[in-house]
Structures are given as C-alpha cells and as structure tokens.
Amino acid sequence: MPDNKTYEEILATATAAKEGFQKRERDINAEINGIKAASSTLSAADKTRISDLREEKKALLKAIGVLGLETAEALDDTDKARNLVSALRGVRQELEARREKLLRIAEAVQKFGNTLKTISQIAEKLDGIASKLDGLTS
Amino acid sequence: MLFLFLALLTACSTASDYQKPITAFSQATDGAKQALAALDERLAEQLQALRRAEAVASPNRVRFPDDECATSTAGCTLLLYPESGDAKPRPLTYTTAVPNQIQVMHEVSLYAKGLQDITTADATPGIKAGFDSAMAAATSLASILQPQFAPAVSALSVPVTQAAVWLFGEYQESVKLRALRAATAAMDPILQEAVRVFAKTSEFAALEDQQILVGRFDSRMEAFENAPSEQTLAQLADAATQLDRLLAVRPDQMFEELGLAHQALTEALASDEITFAQALLHIERLATKAEELTQIAESFKAAVASQ
C-alpha cells in the first residue's frame with residue numbers, strides 16, 4: 001500500500017478489497033454447501049470441484065489476513081491519526097487549566113487572609129509603640 | 001441581587017450527581033485502553049511474523065539505511081524494503097503496530113482522569129483556612145482600633161467563615177459543572193473521530209485472527225468429510241464453537257460504545273435536568289466489551305505461546 005495516501009483513500013481502497021474478498025468467501029461456502037446438499041454421495045467431479053474451491057478459499061483467507069494487517073498499520077501511519085493526538089491534548093490541557101484555576105482561588109483567599117494577619121501583627125506592634133510613647137510623654 | 005445569585009447557585013447540580021458516572025467513565029476508559037494495548041500487542045506479533053516471512057522469501061529486500069550499521073554511524077536498523085514503488089521500508093521487529101492510536105488512547109484516558117479530578121477537586125479547605133486567618137486578623141485589628149466592637153467581630157467570625165465556605169462550595173460546584181460541560185463539549189467531536197479511527201483499525205486488525213479460525217474450521221470440516229467419526233466431528237464442533245466465540249466479539253463495537261458513552265455523558269452534562277441513566281448504560285457496556293476483548297486477545301496470545 002503506497003505511503004502517500006490519505007486515511008480516507010487507504011480506508012476506501014481497503015474496504016472495497018475486503019468486501020470483494022469476503023463476498024467471494026461467502027460465494028465459495030455457498031457453492032460447496034450447494035454441491036453437498038445436491039446429493040448424498042459426491043461424484044469424483046464434485047469432490048474435485050470442492051477441493052478446488054477449498055484451495056481457492058485458503059488463498060483468499062491468507063489475502064484477507066494480510067489485507068487486515070497491512071491496513072491496520074497503514075491507517076495508523078496517517079496525518080489523521082497523528083492530528084488526533086494533538087487535538088486531544090489541547091482539550092485535556094484546557095481541562096487541567098480550569099482545575100488549577102479553581103484551586104488557585106482558594107490559594108488567593110488564603111493569601112488575602114495571611115496579608116490581613118500580617119497587617120494586624122504590624123498594627124499590634126504600632127499600638128505597643130504608641131502606648132510606650134504615651135508612657136514616656138505623660 | 002444576592003438572593004438571586006444564591007438561588008442560581010443552589011439550583012445547580014452537585015458533584016455527587018456526576019461523580020459516579022464520570023468515575024465509571026474513567027474506569028471504563030482504562031479498560032478500553034488495556035483492550036487496545038492487548039490488540040496492539042497481538043497485531044505487532046502478527047505483523048512481525050508477516051514481515052519476517054516476507055524477508056525470508058525475499059532476502060534481498062532485507063537491508064539497512066546507507067547511513068547506519070557502520071562503525072562511524074549512530075545506530076543500526078534492519079528493515080524490509082519494498083520490492084518496488086515509493087512505499088516506506090517496514091520494520092522487522094515490532095514493539096507496537098499502531099503507535100499513534102496507542103498515544104491517542106493514552107490521551108483519552110488522561111482526559112477521562114482529568115474529568116474525574118475535576119469532580120473530586122475541593123478548594124474549600126483552603127478557603128476555610130483563608131477566612132480563619134482573615135477573621136482572626138479582623139478581630140485583632142478591631143481590638144486595637146475600635147475595642148468596643150471587638151467582641152462583636154469575634155462573635156461573627158465563625159458564622160462568617162462558615163457562610164463563606166458554604167458560598168464558595170456552591171460557587172465551586174458551578175465552576176466544576178461549567179468546566180465539565182466545556183471540556184466534554186469540546187472533546188466530543190474529537191473523541192467521536194478517534195473512536196471511528198479505532199473502530200476501523202480494530203475491524204481490519206481482527207481479520208487475521210478471524211481468517212485463522214475460519215481456516216481451522218475448514219480444515220476440520222474437510223477432515224470430517226474424509227473420515228467421518230465421533231472424534232473428527234467433535235474436533236469440527238470445537239472449531240465451530242471457537243470461531244463462533246471470536247465472531248461474536250467485535251472490537252469495533254467496544255470503541256463505538258466508548259463514543260456513545262461519551263456522547264451520552266456530554267448530553268447529560270449539557271442538559272438542565274441532568275440524568276445519567278443513558279450514559280451509565282453505555283459505560284457498563286463499554287466495560288463489558290473491553291473485558292471481553294482483552295480476554296480474547298489474551299487467549300490468542302496464550303494459544304500462540306502454547307504452539
């Protein structure tokens with residue numbers, strides 16, 4: 001399968017091939033069943049025909065397997081598969097940013113509380129200094 | 001105005017409404033990730049066997065890049081070159097067959113975990129600590145600046161902190177729901193696309209195992225026709241059962257369920273009256289199918305190992 005094909009082209013070609021192979025597989029099954037159903041004992045010609053059909057089916061099954069493996073590999077090695085990774089990553093990172101923002105709000109409130117605490121500590125110290133100054137001047 | 005704000009907040013859903021389906025979705029997605037990894041492992045084995053058989057049949061196609069495999073080069077990669085045309089050379093050793101899709105599924109799994117992290121994120125302890133500090137500072141300041149108000153400020157500190165934490169809890173729920181709505185809505189079209197890619201890949205990847213079992217069934221049918229007996233009939237029936245089991249497990253259906261589960265989750269979160277029944281149904285099916293698929297892949301692996 002040439003490598004410069006797009007995901008859609010690979011899929012369309014492989015799907016058409018798969019459907020063709022699978023139709024032939026079902027036709028072979030139906031023909032074998034038809035020969036077996038036609039009489040209780042098979043003639044030499046019937047046996048030869050069934051044998052030929054089974055040989056054809058073996059080759060067909062092998063081709064179906066190879067098509068499956070080649071296609072699975074080829075579909076992954078496309079821009080479409082690669083682009084999905086970056087698209088998914090973008091949404092995931094946005095989600096993570098929202099979660100962090102939520103937690104940052106709590107952090108900001110904590111900082112606000114700590115700032116007030118510092119202010120009150122400074123005020124306490126200033127109050128202490130003011131009391132001492134009052135004592136000196138009185 | 002404040003009353004309206006509070007009324008709007010309290011009308012929103014709470015984390016307990018969506019935590020269960022989102023946790024279940026995250027767990028089921030992990031199951032799907034494992035199933036894909038098992039499929040990939042099996043596919044890598046099969047591709048490696050295919051490439052090596054091709055290599056043995058056409059030894060001249062086994063080469064290495066001109067700038068490799070020499071004392072002056074940085075590495076050595078053995079490859080199977082195409083017979084003709086512009087196709088890329090293929091590896092002879094596979095650790096993964098679908099690396100991009102493995103990466104896609106990894107991202108899906110991280111995203112599902114991200115949704116779960118949103119539902120469990122709780123900033124209220126931080127808010128409580130912040131308000132505790134703020135109210136203690138306010139009491140202290142009041143005692144310095146306006147000593148007559150200090151007892152009143154002190155008495156108010158506990159209810160004010162409690163009210164703030166409650167208010168923040170309600171706000172947090174609305175933020176979480178908005179985050180979940182935005183993320184699932186943005187992700188859904190991408191995930192549906194990813195699911196279609198996974199489904200098609202797995203549909204083709206399954207063909208090799210299917211053809212192996214169809215081939216085994218055919219050869220046992222032939223053996224029975226040539227020498228009908230209890231034993232050959234039992235062997236034929238056994239091959240039919242194995243093939244039937246394999247054909248019943250369709251890997252593409254697991255990925256379709258992943259898409260349906262996410263779609264139902266997105267729709268449930270977007271609606272004003274959130275109900276997750278449909279989402280839970282698909283999540284349950286997804287989990288079951290992921291397990292079936294992993295078991296099938298594992299049983300093939302065991303069968304290959306025993307041969």
Side-chain angles (χ1 to χ4, degrees), chain A residues 1-4 7 11 14 18 25 36 50 54 57-58 61-62 64-73 75-78 80-82 84-85 87-92 94-96 98-99 101-103 105-121 123-124 126-127, chain B residues 43 46-47 50 85-88 97-101 103-104 107-108 110-111 114-115 117-118 121 123-127 129-134 136-138 140-141 144-145 168 172 175-176 179 182-183 186-187 190-191 193-194 197 200-201 204-208 210-212 214-215 218 222:
Chain A
M1 211 167 283
D3 291 335
N4 53 1
Y7 177 89
L11 187 60
K18 176 175 148 268
E25 186 194 353
K36 285 168 72 175
I50 288 175
R54 285 203 169 124
K57 194 177 166 190
K58 271 183 197 164
L61 288 174
K62 183 98 182 146
I64 289 173
V66 172
L67 174 75
L69 295 176
E70 295 277 9
T71 307
E73 188 183 29
L75 288 176
D76 190 72
D77 192 16
T78 56
K80 184 168 191 147
R82 279 185 283 272
L84 276 170
V85 179
L88 283 159
R89 196 166 288 160
V91 177
R92 183 171 63 76
E94 172 64 26
L95 186 66
E96 179 58 20
R98 279 177 182 256
R99 190 178 74 91
K101 195 175 163 189
L102 182 70
L103 298 176
I105 295 169
E107 211 173 279
V109 172
Q110 258 181 311
K111 277 182 188 163
F112 172 69
N114 290 339
T115 308
L116 281 185
K117 204 172 168 183
T118 310
I119 291 169
S120 81
Q121 282 163 352
E124 271 174 30
L126 288 173
D127 191 48
Chain B
L43 189 57
Q46 291 169 330
L47 269 169
L50 175 70
D86 57 357
K88 269 200 314 200
V98 286
N100 288 316
Q101 284 168 80
Q103 193 60 37
V104 169
E107 285 294 331
V108 172
L110 287 178
Y111 156 76
L115 291 181
D117 286 348
I118 284 277
T124 48
I127 294 291
F131 268 89
D132 279 344
S133 292
S140 176
L141 276 175
I144 295 164
L145 303 172
F168 179 77
Q172 180 173 261
V175 169
K176 282 182 180 186
M187 180 58 93
I190 306 167
L191 193 88
E193 194 63 41
V197 172
K200 279 295 162 194
T201 301
F204 278 97
L207 288 174
E208 173 67 355
Q210 288 169 0
Q211 76 87 12
I212 290 171
V214 169
D218 284 349
E222 207 174 348

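Small disclaimer: the values here were computed from a predicted structure and weren't measured. Lettering of chains follows the sequences in order, A, B, ..., and the numbering in each one begins at 1.
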| query | Rounded to the nearest 0.5 Å, how far apart are CG of B/Leu207 and OG1 of A/Thr71? | reply |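 Going from the CG atom of B/Leu207 to the OG1 atom of A/Thr71 covers 8.0 Å.
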A/Lys58/B/Asp218 salt bridge by N-O under 4.0 Å criterion: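 Answer for the salt bridge query: no.
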Give the member of A/Val66, A/Leu95, A/Leu11 that has the highest number of heavy-atom pairs under 4.5 Å with chain B.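 Counting heavy-atom pairs under 4.5 Å, the top option is A/Leu95.
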Q.
Heavy-atom pairs under 4.5 Å with chain B: which of A/Val85, A/Thr78, A/Val91, A/Leu69 has the most?
A.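 Result: the option with the highest number of such pairs is A/Leu69.
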Heavy-atom contact with chain B under 4.5 Å, split by part of [X]:
X: A/Glu94; result: neither
X: A/Lys62; result: backbone
X: A/Arg54; result: side chain

[X] portion near chain A, given a 4.5 angstrom heavy-atom threshold:
X: B/Ala182; result: side chain
X: B/Val175; result: side chain
X: B/Leu115; result: both
X: B/Ala97; result: backbone

Among all residues two or more places apart in sequence or in another chain, which pass the side chain to side chain donor-acceptor pair (under 3.5 Å) test with B/Asn100?
->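 B/Asn100 satisfies side chain to side chain donor-acceptor pair (under 3.5 Å) with no residue once adjacent residues are dropped.
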Just to verify, which of B/Leu50, B/Leu47, B/Val98 counts as forming a side chain to side chain contact (heavy atoms under 4.5 Å, CB included) with A/Glu73?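 Running side chain to side chain contact (heavy atoms under 4.5 Å, CB included) over B/Leu50, B/Leu47, B/Val98 with A/Glu73 returns exactly one hit, B/Leu47.
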Close side-chain approach of [X] to [Y], heavy-atom, < 4.5 Å:
X: A/Leu84; Y: B/Val197; result: yes
X: B/Gln211; Y: A/Lys57; result: no
X: A/Leu88; Y: B/Val104; result: yes
X: A/Ile50; Y: B/Glu222; result: no
X: A/Glu25; Y: B/Val214; result: yes
X: A/Ile64; Y: B/Gln210; result: no
X: A/Lys80; Y: B/Glu193; result: yes

Where B/Ile118 and A/Arg99 come nearest, the two heavy atoms and their spacing
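Shortest heavy-atom contact: CD1-CB, 3.5 Å.
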Next item on the list: Considering non-hydrogen atoms only, spot the tightest contact between A/Ala72 and B/Phe204 and give its length.
Entry: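 Heavy atoms of A/Ala72 and B/Phe204 come nearest at N-CB, 4.3 Å.
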Next item on the list: Mind checking ring-ring contact (aromatic ring centres under 6.0 Å, His included) for B/Tyr111 and listing every partner two or more places apart, or none if nothing turns up?
Entry: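 B/Tyr111 satisfies ring-ring contact (aromatic ring centres under 6.0 Å, His included) with B/His262 once adjacent residues are dropped.
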